[in-house]
Amino acid sequence: MPRALLLATALSGIALLTALFFLVSARGFGPFANAIAEPSPAPGAARSVPIISARASSALPPRSATGPERAVDGDTATAWNEAAPGDGTGEWLELELGAPVPVARLLIWNGWQRDDAIYADNNRVQMLRIRAGGRAYTVRLLDRQGPLAVNLPEPVRTRRVRLQVRSVYEGERYDDATISEVQIEAVPAR
């Protein structure tokens with residue numbers, strides 16, 4: 001009798017943990033739901049996708065100098081600076097693509113990369129939530145200059161990608177979170 005009870009308890013525990021694992025992963029958390037950030041882009045078959053517009057929850061005035069379009073202008077010396085009260089947590093940048101594509105990777109230049117002093121002065125994104133095609137991924141970005149490759153676990157077909165700041169590395173002078181540049185790469189059509 002005790003052996004049967006022990007076995008039933010063990011099997012119930014395994015079933016409960018398995019169900020919990022799938023529930024957590026489906027919500028964008030857990031080891032298999034996260035995107036992976038690497039220090040530099042790895043060569044691959046992905047191709048860059050044109051971004052036709054960018055919008056954000058906020059930006060420092062004047063909008064033209066630090067607006068969301070600065071994160072997709074091809075110049076890492078410019079940046080999107082959020083302007084909400086606080087450190088930038090919860091603020092977002094949304095990128096619109098010309099058509100739905102299978103997004104496989106993002107290249108992100110974290111912080112304002114105009115020069116070393118400006119980079120250190122401003123907040124940089126630490127944890128980033130990526131929403132694309134009904135899926136959500138959480139990734140930790142490195143606190144370093146240069147491109148960071150964020151590889152999605154699998155390509156996600158979408159025409160819109162939203163990046164939301166979940167936490168930041170604190171800047172030495174300013175309280176605004178910044179991103180210099182974002183590129184989106186898709187798997188080529190076959």
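Heads up: numbering here begins at 1 and tracks the sequence.
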Open item on the list: Do Val165 and Asp87 make a side-chain contact, defined as non-hydrogen atoms from C-beta onward lying under 4.5 Å apart?
Closed with: no
Open item on the list: For Leu97 and Val103: C-alpha separation, side-chain torsions, deciding distance, then whether side-chain contact (heavy atoms from CB on, under 4.5 Å) applies.
Closed with: CA-CA 10 Å; Leu97 312 176; Val103 173; 4.1 Å; yes
Task: Heavy-atom closest pair, residues Ala132 and Thr158 - done: CB-CG2, 3.9 Å
Open item on the list: Quick check on the hydrophobic clustering: are Tyr169 and Val125 connected, directly or via other members, by side-chain heavy-atom contacts under 4.5 Å?
Closed with: no
Open item on the list: Looking at every heavy atom in both Val49 and Ala186, which two are closest together, and how far apart are they?
Closed with: CG2-CB, 3.5 Å
Task: Any side-chain heavy-atom pair of Thr178 and Thr66 under 4.5 Å - done: no
Open item on the list: Side chains of Leu148 and Leu107, heavy atoms from C-beta outward: is any pair under 4.5 Å?
Closed with: no
- [ ] Please write out which residues are connected to Trp112 in a hydrophobic cluster, directly or through intermediates, given that two of Ile, Leu, Val, Met, Phe, Trp, Tyr count as joined at side-chain heavy-atom separations below 4.5 angstrom.
- [x] Ile118
Open item on the list: Would you compute the distance between atom CD1 of Ile52 and atom CG of Leu95 and round it to the nearest 0.5 angstrom?
Closed with: 11.0 Å
Task: Leu141/Val150 under side-chain contact (heavy atoms from CB on, under 4.5 Å): CA gap, chis, key distance, verdict - done: CA-CA 8 Å; Leu141 298 180; Val150 178; 3.9 Å; yes
Open item on the list: If I compare all heavy atoms of Ser58 with all of Ala84, which pair ends up nearest, and what's the gap?
Closed with: OG-N, 3.3 Å
- [ ] Decide yes or no for Pro68 and Leu93: does some side-chain heavy atom of the first lie under 4.5 Å from some side-chain heavy atom of the second?
- [x] yes
Open item on the list: With rounding to the nearest 0.5 angstrom, report the CG to CG distance, Leu106 to Asn151.
Closed with: 9.5 Å
TODO: Tell me yes or no: between the side chains of Gln183 and Ser48, is some donor less than 3.5 Å from an acceptor?
DONE: no
Open item on the list: Which residues pass the salt bridge (Lys or Arg N to Asp or Glu O under 4.0 Å) test with Arg159, not counting sequence neighbours?
Closed with: Glu96
Open item on the list: Could you check whether Arg160 pairs with Glu94 (Lys NZ or Arg NE/NH1/NH2 to Asp/Glu carboxylate O, under 4.0 Å)?
Closed with: yes
Open item on the list: Rounded to the nearest 0.5 Å, what separates atom CG in Leu163 from atom CD1 in Ile179?
Closed with: 5.5 Å
- [ ] Establish whether Leu142 and Tyr137 are linked, either directly or via other cluster members, by ILVMFWY side-chain heavy-atom contacts under 4.5 Å.
- [x] yes
- [ ] Supply the atom-to-atom distance Leu152 CG to Glu185 CD, rounded to the nearest 0.5 angstrom.
- [x] 11.0 Å
Open item on the list: Tell me every residue that passes side-chain hydrogen bond (donor to acceptor under 3.5 Å, both in side chains) with Gln113, counting only those two or more places apart in sequence or in another chain.
Closed with: none
Open item on the list: For a quick test of reading the model, state the closest non-hydrogen atom pair linking Ala79 to Arg70 and the distance between them.
Closed with: O-CB, 3.4 Å
TODO: Quick one: list whatever passes side-chain hydrogen bond (donor to acceptor under 3.5 Å, both in side chains) with Asn122, sequence neighbours left out.
DONE: none
TODO: Please name all residues satisfying side-chain hydrogen bond (donor to acceptor under 3.5 Å, both in side chains) with Arg157, sequence neighbours left out, ordered by chain then number.
DONE: none
Open item on the list: Tyr119: which residues meet the side-chain hydrogen bond (donor to acceptor under 3.5 Å, both in side chains) condition with it, sequence neighbours left out?
Closed with: Asp143
Open item on the list: Distance alone, cut at 3.5 Å: any donor-acceptor contact between the side chains of Gln145 and Asp116?
Closed with: yes
Open item on the list: If hydrophobic residues (ILVMFWY) are linked whenever their side-chain heavy atoms come closer than 4.5 Å, directly or via other members, who joins Met127 in its cluster?
Closed with: none
Task: Residues forming a salt bridge (Lys or Arg N to Asp or Glu O under 4.0 Å) with Arg131, sequence neighbours excluded - done: none
Task: Reported CG-to-CD distance for the pair Asn110 and Glu181, which is rounded to 0.5 angstrom - done: 13.0 Å
Task: Shortest non-hydrogen contact between Gly133 and Val156, atoms and distance - done: CA-CG1, 3.7 Å
Open item on the list: Considering only residues two or more places apart or on different chains, which pairs with a residue in residues 75-84 satisfy side chain to side chain donor-acceptor pair (under 3.5 Å)?
Closed with: Asp73-Thr78, Asn81-Asp176
Task: salt bridge (Lys or Arg N to Asp or Glu O under 4.0 Å) pairs, two or more places apart, involving residues 145-154 - done: Arg135-Glu154
Open item on the list: Closer than 3.5 angstrom, by distance alone: can the side chain of Ser57 be matched with the main-chain N or O of Glu91 as a donor-acceptor pair?
Closed with: no
Open item on the list: Distance check, rounded to the nearest 0.5 Å: Gln164 atom CD versus Thr138 atom OG1?
Closed with: 9.5 Å
Task: Closest non-hydrogen atom pair, Ser180 against Gly111 - done: OG-O, 2.6 Å
